[in-house]
2 protein chains.
Amino acid sequence: MEEMDDKKTILIVDDEKPIVDILVYNLEKEGYNTLEANDGVTAVEIATTKKPDLILLDIMLPKMDGLTVCKKIRSSLNVPILMLTAKDEEIDKILGLELGADDYITKPFSVRELMARIKANLRKSEIKENANNIGEDGKTKKIVVGPLELDLDKFEAKVDGEVIDLTIREFEVLKFLASQAGQVITREVLLEKVWGYEYYGDIRTVDVTVRRIRGKIEKDTANPRILITKRGVGYYIRNN
Amino acid sequence: MEEMDDKKTILIVDDEKPIVDILVYNLEKEGYNTLEANDGVTAVEIATTKKPDLILLDIMLPKMDGLTVCKKIRSSLNVPILMLTAKDEEIDKILGLELGADDYITKPFSVRELMARIKANLRKSEIKENANNIGEDGKTKKIVVGPLELDLDKFEAKVDGEVIDLTIREFEVLKFLASQAGQVITREVLLEKVWGYEYYGDIRTVDVTVRRIRGKIEKDTANPRILITKRGVGYYIRNN
DNA sequence: AGATTTTTTTACAAAATTATTACAAAAATA
DNA sequence: TATTTTTGTAATAATTTTGTAAAAAAATCT
């Protein structure tokens with residue numbers, strides 16, 4: 001299934017092989033593509049040629065230190081950079097941020113937390129892009145199903161042409177459902193795909209979010225015409 | 001009702017009695033069955049013979065360490081494994097994940113969080129199972145028999161092109177019958193395949209469900225043309 | 001035909017699932 | 001930091017589905 005939007009690519013810059021392996025393993029399990037660089041020079045090279053969607057950057061690196069790498073990359077690319085630092089290098093952390101890093105995480109880190117950070121940063125950068133109105137390849141990505149129209153670049157929904165203001169979570173649920181309109185999606189799958197790796201909460205959270213979406217896109221929430229319940233299974237977007 | 005999925009069984013692998021006791025107490029309170037193993041060798045043995053739905057596995061164990069246990073179990077079983085680690089064993093944690101563990105939690109852990117994690121991991125493993133039932137091959141899976149058409153993705157039935165709204169139970173019965181159209185299926189088999197092995201209810205429940213299906217798909221329920229009774233045997237879907 | 005077995009039909013209660021609401025926690029923003 | 005917004009949780013209400021039982025109807029057998 002999947003492939004709603006194409007896979008995001010993440011560049012891992014670290015000279016410690018075991019750490020790189022762990023990161024690659026977990027990132028790919030989560031559905032990202034990965035690139036590797038073991039030193040600073042290679043990192044800058046790969047970053048500029050391959051243009052990854054996010055960079056994980058260790059501060060301690062051979063040939064060129066992480067801070068310099070960060071600065072270099074930033075001078076030519078607007079990619080989110082997540083710094084990896086050894087503990088108690090507080091000064092470095094801050095310097096890193098000044099240099100344009102978007103976030104940092106201290107080693108040893110929990111894989112779970114890292115995944116959450118990555119996801120959050122990717123999302124932020126998507127939003128930023130649209131704010132600048134820089135439509136990468138020019139064309140606007142949209143999903144249209146009946147009266148529902150989702151503008152994936154603007155994070156904007158329209159129903160019968162009228163703009164609806166949705167929160168990110170609401171938008172993502174709607175997007176996932178709409179990308180497979182007509183197909184019933186279970187709550188389990190929604191939690192897994194929208195809430196993701198880091199989520200351990202109650203499954204009924206989905207119901208409440210659906211309720212909130214309905215409150216915004218349906219004229220009569222008791223008789224929804226767009227986002228339909230398939231009792232005993234899940235929810236789907238009507239497509240006929 | 002729904003005795004289809006009985007209680008989930010969780011195998012606890014830890015050599016510290018107090019911890020095991022706490023886990024057992026809380027898990028059973030939450031409605032899980034529990035199994036215990038105090039060392040690695042026993043763990044592998046119980047895991048393979050009893051096939052629990054999820055395994056809680058401490059990394060520090062007598063006889064065989066947790067990582068090895070994890071690897072061993074994984075080689076033969078596809079059960080979710082949740083590793084328990086003492087704090088600051090970050091490397092171990094991650095190694096555990098590389099070895100195929102699905103998640104980890106550090107000691108001392110909050111019971112509440114552990115329960116949430118267990119729930120989430122069970123949920124994920126259910127998704128995998130489901131995914132096999134539903135067509136992942138891109139095309140929508142359908143069963144067509146005469147005027148009857150079942151869309152397995154939408155949980156939707158059509159008769160002569162007209163959409164019929166069925167409940168899941170009704171849909172499942174129809175699906176089972178339709179998947180072997182022309183063949184008479186006994187009530188016993190239907191109960192076992194649709195209601196599940198552990199169903200203790202009355203066999204006439206099948207009749208009522210059939211009646212309800214007929215009420216929806218047949219024009220004249222007294223003279224069914226799709227779902228036919230074979231008196232003294234069972235029911236079948238006409239396919240000629 | 002009458003008795004017996006089996007199935008159909010109906011109505012009702014119980015069970016399961018979903019919707020709704022209010023509130024608290026967390027996150028984002030000013 | 002304070003304020004606002006978003007999100008998750010939990011409790012309750014509303015709704016739908018399902019199982020059961022009992023009676024009616026139909027088929028089968030003597």
Side-chain angles (χ1 to χ4, degrees), chain A residues 102-103 113 116-117 119-121 123-124 127-128 131 155 164-174 184-188 190-191 194-196 198-218 220-224 227-236, chain B residues 1-5 31 112-113 115-116 119-120 155 165-174 184-188 190-191 194-196 198-218 220-224 227-236:
Chain A
D102 297 84
D103 201 356
E113 191 188 352
R117 292 275 185 88
K119 206 176 166 189
N121 277 283
R123 199 161 64 185
K124 268 190 205 166
I127 295 172
K128 213 191 282 176
F155 288 82
I164 305 284
D165 181 45
L166 295 171
T167 69
I168 292 171
R169 179 79 12 126
E170 289 161 5
F171 185 85
E172 301 218 315
V173 168
L174 202 50
V184 182
I185 311 288
T186 64
R187 292 175 178 75
E188 284 81 3
L190 276 172
L191 274 190
V194 176
W195 275 257
E198 71 272 22
Y199 186 74
Y200 288 109
D202 195 288
I203 199 157
R204 290 292 152 197
T205 297
V206 175
D207 298 41
V208 177
T209 302
V210 163
R211 170 65 175 77
R212 286 171 179 152
I213 296 172
R214 280 179 175 155
K216 295 178 178 180
I217 69 172
E218 301 281 2
D220 175 11
T221 61
N223 286 59
L227 203 174
I228 316 292
T229 303
K230 180 63 202 178
R231 192 168 246 264
V233 191
Y235 298 98
Y236 67 98
Chain B
M1 99 206 61
E2 204 60 27
E3 300 298 325
M4 280 178 60
D5 36 44
R112 192 181 137 77
E113 190 188 354
M115 291 300 153
K119 232 202 269 179
F155 293 83
D165 182 48
L166 296 170
T167 69
I168 325 139
R169 178 80 14 126
E170 290 160 6
F171 186 85
E172 296 286 334
V173 168
L174 202 49
V184 181
I185 311 289
T186 64
R187 292 175 179 77
E188 284 80 5
L190 276 171
L191 271 191
V194 176
W195 275 256
E198 313 219 348
Y199 184 73
Y200 294 117
D202 195 297
I203 200 154
R204 289 295 152 195
T205 296
V206 175
D207 298 42
V208 177
T209 302
V210 164
R211 169 66 176 79
R212 285 172 180 151
I213 296 171
R214 281 177 174 156
K216 294 177 179 181
I217 69 172
E218 302 280 3
D220 174 10
T221 60
N223 284 56
L227 203 174
I228 316 294
T229 303
K230 180 67 192 173
R231 196 183 172 86
V233 191
Y235 299 98
Y236 68 98

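Owing to the predicted nature of the structure, the values given are computational and were not obtained by experimental measurement. Throughout, a chain's letter reflects where its sequence line sits, starting with A, and its residues are numbered from 1.
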What residues, two or more places apart in sequence or in another chain, satisfy side-chain contact (heavy atoms from CB on, under 4.5 Å) together with Val233(A)? Val184(A), Thr186(A), Lys230(A), Phe155(B), Ile168(B)

Below 4.0 angstrom from OP1 or OP2 of dT8(C), is there any side-chain N or O of Tyr235(B)? yes

Starting from C1' on dT7(D), measure out to CG on Leu191(A) and report it in whole angstrom. 13 Å

Looking at residues at least two apart in the chain, or sitting in another chain, which of them share a side-chain contact (heavy atoms from CB on, under 4.5 Å) with Arg212(B)? Glu170(B), Val208(B)

Between atom CG of Leu191(B) and atom CZ of Arg204(B), what is the distance when rounded to the nearest 0.5 Å? 10.5 Å

Which listed nucleotide (dT10(C), dG8(D), dT8(C)) is nearest to the side chain of Arg204(B)? dT8(C)

How is Asp207(B) classified with respect to the nucleic acid when contacts are heavy atoms under 4.0 Å: base, sugar-phosphate, or nothing? base

What integer distance in Å separates Asp202(B):CG from dT6(C):P? 14 Å

Return the value, rounded to whole Å, for the distance between atom CG of Asn121(A) and atom P of dA27(C). 14 Å

Mind calculating the distance between CG (Asp165(B)) and P (dT18(D)) to the nearest angstrom? 11 Å

Here the distance between atom C1' of dT9(C) and atom CG of Asn223(B), to the nearest Å, is 15 Å

Quick check for you: among dT20(C), dT18(D), dT9(C), whose closest atom lies nearest to any side-chain atom of Val208(B)? dT9(C)

Output for pair (Thr167(A) OG1, Glu172(A) CD), nearest 0.5 Å, gives 9.0 Å

Between dT17(D) atom P and Leu166(B) atom CG, what is the distance in whole Å? 10 Å

So, OP1 or OP2 of dT18(D): does either fall under 4.0 Å of a side-chain N or O from Trp195(B)? no

Write down the distance between CG (Leu190(B)) and P (dG19(D)), rounded to a whole number of angstrom. 12 Å

So, does Arg187(B) get its side chain near the phosphate of dT7(C), meaning an N or O under 4.0 Å from OP1 or OP2? yes

Classify every nucleotide of nucleotides 24-30 of chain D by which part a protein heavy atom approaches to under 4.0 Å, writing B for the base, S for the sugar-phosphate alone and - for neither, in 5'-to-3' order. --BBS--

Can you see which heavy atom on Arg187(A) is nearest to which on Gly234(A), and at what distance? NH1-CA, 4.1 Å

Residue-phosphate contact under 4.0 Å: Thr205(A) side-chain N/O, dT7(D) OP1/OP2: no

For Asn223(B), side-chain contact (heavy atoms from CB on, under 4.5 Å) partners two or more places apart: Asp220(B)

Thr229(B) side chain near dT8(C) phosphate (N/O to OP1/OP2, under 4.0 Å): yes

Under 4.0 Å from any atom of DNA chain C, heavy atoms only: list the residues of residues 209-217 of chain B that qualify, in numerical order. Arg211(B), Arg212(B), Arg214(B)

Minimal heavy-atom distance between Ile217(B) and Leu227(B), with the atoms involved, is CD1-CB, 4.4 Å

For Thr205(A), give me all partners under side-chain contact (heavy atoms from CB on, under 4.5 Å), at least two apart in sequence or on another chain. Trp195(A), Tyr199(A), Asp202(A), Thr209(A)

Hey, what do you get for CZ (Arg211(B)) to CD1 (Ile213(B)), rounding to the nearest 0.5 Å? 11.5 Å

